[in-house]
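Working notes, beginning with the structure itself.
Here is how names work: the chains are called A, B, and so on, in the same order as the sequence lines, proteins then strands, and each is numbered from 1.
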Amino acid sequence: MFPSPSGAGLHVGHPLGYIASDIYSRYKRLKGFNVLHPMGYDAFGLPAEQYAIQTGQHPDVTTKKNIARYREQLDKIGFCYDWDREIRTCEPDYYKWTQWAFIQMFNHYFNTKLQKAQPIELLINSFETSGTEGIQASCTEELQFTAPEWKSKSEKEQQETLLNYRIAYLADLKVNWCTALGTVLANDEVSDGLSVRGGYPVEQRVMRQWSLRVSAYAQRLLDGLNTLEWTDSLTETQKNWIGRSEGAELRFDIKDQDYNFEVFTTRADTIFGVTFMVLAPESELVKQLTIPDQALEVENYLDATKKRTERERIADRRVTGVFSGSYAINPVSGTEIPVWISDYVLAGYGTGAIMAVPAHDSRDYAFAKYFNLPIIPLIEGCDVSEESFDAKEGIMMNSGFLNGWTVKEAIQKAKDYIAEKQLGRLKVNFRLRDAIFSRQRYWGEPFPVYYKDEMPYMLDESRLPLELPVIDKFLPTEKGEPPLGRAKDWHTEDNFPLELCTMPGFAGSSAYYLRYMDPQNKTALVSAEANQYWRNVDLYIGGTEHATGHLIYSRFWNKFLYDLGLVCEDEPFKKLINQGMIQGRSNFVYRIKDSNTFVSLNLKDQYDTTQIHVDVNIVSNDVLDIERFKNWNPEYKNAEFILEDGKYHCGWAVEKMSKSMYNVVNPDDIVEKYGADTLRLYEMFLGPLEQSKPWDTNGIDGVHRFLKRLWSLFYKNNTLLVNNEKPSAEELKVLHKTIRKITFDIENFSYNTSVSAFMICVNELYTLKCTKKSILEPLVILLAPFAPHVAEELYRVLGNNETVCDAAFPICNEEYLKESIVKYPISFNGKVRFMIDLPADMSKEEVEKIAMANDQTEKFLEGKAPKKIIVVLGKIVNIVL
RNA sequence: GCCCGGAUGGUGGAAUGGUAGACACGAAGGACUUAAAAUCCUUUGGCUUCACGGCUGUGCGGGUUCAAGUCCCGCUUCGGGUACCA
């Protein structure tokens with residue numbers, strides 16, 4: 001577990017996953033495993049810094065305060081964390097290793113043939129002997145130079161060239177710039193053109209920024225998903241985010257110019273239907289292909305596009321574009337096709353240029369309709385008069401040598417043709433982008449980087465950690481530099497300036513699980529011994545919000561360390577469970593307009609009312625505590641009420657849990673009122689772990705009663721009832737049935753049904769008036785992972801001097817569960833009519849015979865002869881009429 | 001638009017293709033109590049019947065099966081992810 005400690009503290013939704021993993025940890029320990037169950041804090045990041053800007057307090061101070069508050073709240077719930085392993089990303093001892101990993105990434109490149117990271121020296125050697133000839137390296141831009149050319153480059157030029165290949169690299173990139181936050185953001189930190197944190201507008205800007213070459217690992221990140229025990233929806237989300245698509249890169253010549261450019265397409269089969277080409281406005285080709293006559297119009301278009309933010313472009317789907325004046329030549333059919341410029345083509349994907357096939361692509365279709373460009377249908381029988389036909393099915397027509405083939409066959413034929421005639425090359429494209437790694441902020445890891453002649457160099461590892469400097473204000477400098485620009489002496493001993501940006505939030509959270517294995521290690525992130533012992537995370541419980549961020553970065557980071565031989569597992573998280581979100585359940589009161597009179601829920605329709613949120617903590621089972629309501633807000637001091645049966649019933653709705661909805665429930669309050677065990681059990685009892693559900697404190701009495709009833713098996717009027725009598729067969733059956741159910745449920749993370757099983761067990765033992773130690777002791781051990789406090793107490797009461805945590809988990813003995821009698825439901829045409837008790841070992845034939853001979857059978861046969869009789873041994877009898 | 005995941009009483013939910021609604025909340029009635037709280041007991045999907053019982057019922061429409069909440073096909077609807085990815 002690795003939460004970001006916020007100032008608001010924990011609400012009742014946060015501990016859900018923690019409780020689930022605590023139960024599993026305690027269970028595994030009882031089963032004899034050495035369990036690593038740690039807790040730490042993802043403590044760097046924007047919220048702490050925003051708060052610091054507002055209050056002037058150092059983020060380190062508020063972060064420490066928040067962590068202390070979290071710890072206090074966590075301790076109340078009774079987690080079995082190994083606090084000796086606690087880590088915090090903002091501690092120099094920890095972020096030393098974040099900086100260290102960055103240095104390694106700078107010093108490596110990705111070999112595409114071996115599909116792994118290799119030292120950059122190997123690449124330099126290649127350059128020295130044969131230039132770029134035959135190198136297979138992931139890069140920002142395809143470069144070509146010879147060995148002599150390389151050698152003739154200056155130091156600065158060589159360094160600049162190497163950045164093109166390094167896994168951690170500095171480059172001029174189009175980045176997501178958020179003015180309000182004053183920083184760039186990674187793709188997963190932007191949604192709908194707004195920052196995920198804060199919801200501020202984000203615009204595209206070209207800036208020189210640090211990036212991690214995550215895209216190099218795209219194929220491995222995709223392949224690795226097959227080896228993981230993750231949910232289908234999560235692997236699906238990652239697959240989409242990685243976005244692998246197979247296609248071809250096709251070369252188009254320009255008419256009357258000695259120039260050509262490439263486009264990427266997955267539909268090579270539609271080459272005969274290309275009626276225009278489109279360039280992204282940001283594409284470098286625009287300058288090249290715009291003819292003088294069109295220059296003014298193109299310029300105007302580019303200006304207009306630049307002014308629109310990403311968000312405006314998304315919100316407004318108007319078709320826009322401008323003709324460049326140039327014509328491309330279709331490499332297969334030889335036709336001349338106009339080249340347009342439009343912002344529906346993205347510069348960042350493929351080559352930033354497309355071949356448009358309006359008949360079979362809805363975006364191209366919209367564009368063609370708007371600008372009156374020709375639409376050529378290529379599939380027999382398709383109707384493109386109203387919309388494009390995007391499906392990859394049907395028989396080809398209007399397509400020369402592809403005519404008569406199915407689309408799937410035609411795609412392959414066209415690709416073969418392209419490869420054979422060398423019109424382009426087959427290519428796999430990924431949607432996954434490199435991760436922008438610079439943040440123009442203070443509260444993050446400083447880069448271990450200094451600049452010499454404007455080129456970045458890494459600090460020597462012996463200089464790590466490079467600690468965050470003290471600054472006077474957490475704002476950009478007057479010159480617009482990041483906050484670190486305010487630091488005094490922010491340079492090396494040789495006076496080279498240090499990097500002013502800091503690392504993003506995901507830097508520190510990408511390898512934290514490795515540090516848990518060996519948290520005090522001074523010489524390595526994790527020792528080989530510790531890593532080989534613990535390997536990777538067996539069970540990871542977290543929310544789906546990490547699907548495209550943290551869970552991609554961590555996997556990338558881990559794979560990189562794996563390539564370097566520093567960790568022994570290729571994937572960091574073996575099994576992953578997404579706990580559902582706990583939503584808020586809000587309550588409402590209804591005020592009659594222009595009055596201070598409130599009317600109960602079912603009478604509100606008789607009046608003209610306004611719905612007002614009311615604090616859920618002064619409502620119980622949707623009934624308002626009127627006295628507390630009056631004191632809740634001075635405005636309601638003299639409020640009057642129209643009641644139903646003497647009560648004020650509130651309305652309710654499921655909403656986000658937030659302060660403004662007055663529906664936040666604090667775990668501390670629940671613990672105060674009912675105890676930690678009740679909170680733990682109730683959180684689990686609410687429903688399946690993976691499912692989202694509203695928090696509704698109604699119902700918590702049920703689990704609390706269960707605990708009291710359990711207690712009553714041990715004590716009556718403070719007198720201990722437990723004895724050493726021999727258990728009856730029935731009592732043993734109740735116990736072992738429960739052992740079997742609980743074991744199965746824990747292994748399957750079905751904790752809500754475990755709680756029911758405990759209730760059933762205690763109810764049955766209560767009915768049997770069972771006070772026998774031989775039954776109650778295993779039950780207490782069984783319950784210990786769920787309700788550790790009461791279990792510990794009762795375990796001691798039973799005469800044990802050791803902690804219940806060191807007990808052995810009970811094992812189900814099937815012998816006690818064998819039934820001698822089976823209740824057979826007798827059904828007619830699938831409808832159950834009556835039951836008969838029969839010996840469990842009775843044969844099919846005998847069961848059938850007795851069922852048919854039964855008095856009641858005759859009645860339900862209605863004089864007919866049965867067509868068929870189905871006997872499922874131990875289950876059911878069905879008589880078909 | 002595309003991709004996932006849901007839909008079961010008044011509520012949260014349970015059910016390896018085999019008695020739908022376990023368990024719990026709430027509600028109603030009762031016991032104990034001067035009273036309340038706590039505790040205990042009974043009832044509680046709907047319709048129908050004095051009753052025994054009967055009919056009906058897992059979002060909707062089809063299908064497979066001796067048997068479907070569960071499997072298949074087609075919809076409706078709610079949540080989540082993603083969004084000009086060529």
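- For the pair A:S756 and A:S750, nearest-nucleotide mapping onto RNA chain B gives the more 5' position to A:S750.
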Quick test: give all pairs of protein nitrogen or oxygen and nucleotides 63-70 of chain B nitrogen or oxygen below 3.5 Å, distance rounded to 0.1 Å.
unit_1	atom_1	unit_2	atom_2	d
B:rC66	OP1	A:K868	NZ	3.4
B:rC66	O2'	A:N878	ND2	3.1
B:rC66	O2	A:N878	ND2	2.7

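- A donor-acceptor contact closer than 3.5 angstrom links the side chains of A:Y301 and A:T320.
- By the ring pair (Phe, Tyr, Trp, His ring centres under 6.0 Å) test, A:Y674 is found to be paired with A:H704, residues two or more places apart in sequence or in another chain being considered.
- The salt bridge (charged side-chain N to carboxylate O under 4.0 Å, His left out) contacts involving residues 755-764 of chain A comprise A:K737-A:E764, where partners must be two or more places apart or lie in separate chains.
- Checked against salt bridge (charged side-chain N to carboxylate O under 4.0 Å, His left out), A:R425 has the following partners two or more places apart in sequence or in another chain: A:E249.
- In the set B:rC84, B:rA86, B:rG54, B:rA86 carries the atom at the smallest distance from any side-chain atom of A:V345.
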Check: protein-nucleotides 47-49 of chain B nitrogen or oxygen pairs below 3.5 Å:
none

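- Minimum interatomic distance between A:N663 and A:S658 (heavy atoms only, all atoms of both residues): OD1-N, 2.9 Å.
- Seen from the ring of A:W695, A:R585 does not count as a face-on cation partner, given the 6.0 Å and 45° thresholds.
- Because its NZ or CZ atom is both nearer than 6.0 Å to the ring centre of A:W230 and within 45° of the ring axis, A:R555 counts as a cation-pi partner of that residue.
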- Query: Can you give the dot-bracket line for RNA chain B, using ( ) for pairs inside the strand, [ ] for pairs that cross earlier ones, | for pairs with another strand and . for unpaired bases, where Watson-Crick and G-U count if both distances are under 3.5 Å?
  - Reply: (((((((..(((.....[....)))((((((.......))))))((((....))))..(((((..]....))))))))))))....

Tabulate protein N/O versus nucleotide N/O from nucleotides 24-32 of chain B, keeping only pairs under 3.5 Å, one per line.
unit_1	atom_1	unit_2	atom_2	d
B:rA24	OP1	A:N763	ND2	2.9
B:rC25	OP1	A:R705	NH1	2.5
B:rC25	O2'	A:G699	N	3.4

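- Glycosidic conformation, B:rG80: anti, with the torsion outside 90° of 0.
- Scanning residues 230-238 of chain A for heavy-atom distances under 4.0 Å to RNA chain B yields A:S233, A:E236, A:T237.
- Taking A:F749 as the reference, A:Y24 meet the ring pair (Phe, Tyr, Trp, His ring centres under 6.0 Å) condition, with sequence neighbours excluded.
- Under the side-chain hydrogen bond (donor to acceptor under 3.5 Å, both in side chains) criterion, A:K741 pairs with A:D745, sequence neighbours left out.
- We find that CG of A:L681 is positioned 16 Å from C1' of B:rG12, with the value rounded to whole Å.
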Between the protein and nucleotides 42-46 of chain B, list the N/O to N/O atom pairs that are separated by less than 3.5 angstrom.
none

Between N or O atoms, less than 3.5 Å apart, protein on one side and nucleotides 55-58 of chain B on the other: list the pairs.
unit_1	atom_1	unit_2	atom_2	d
B:rC55	OP2	A:R833	NH1	3.3
B:rU56	OP2	A:K831	NZ	3.2

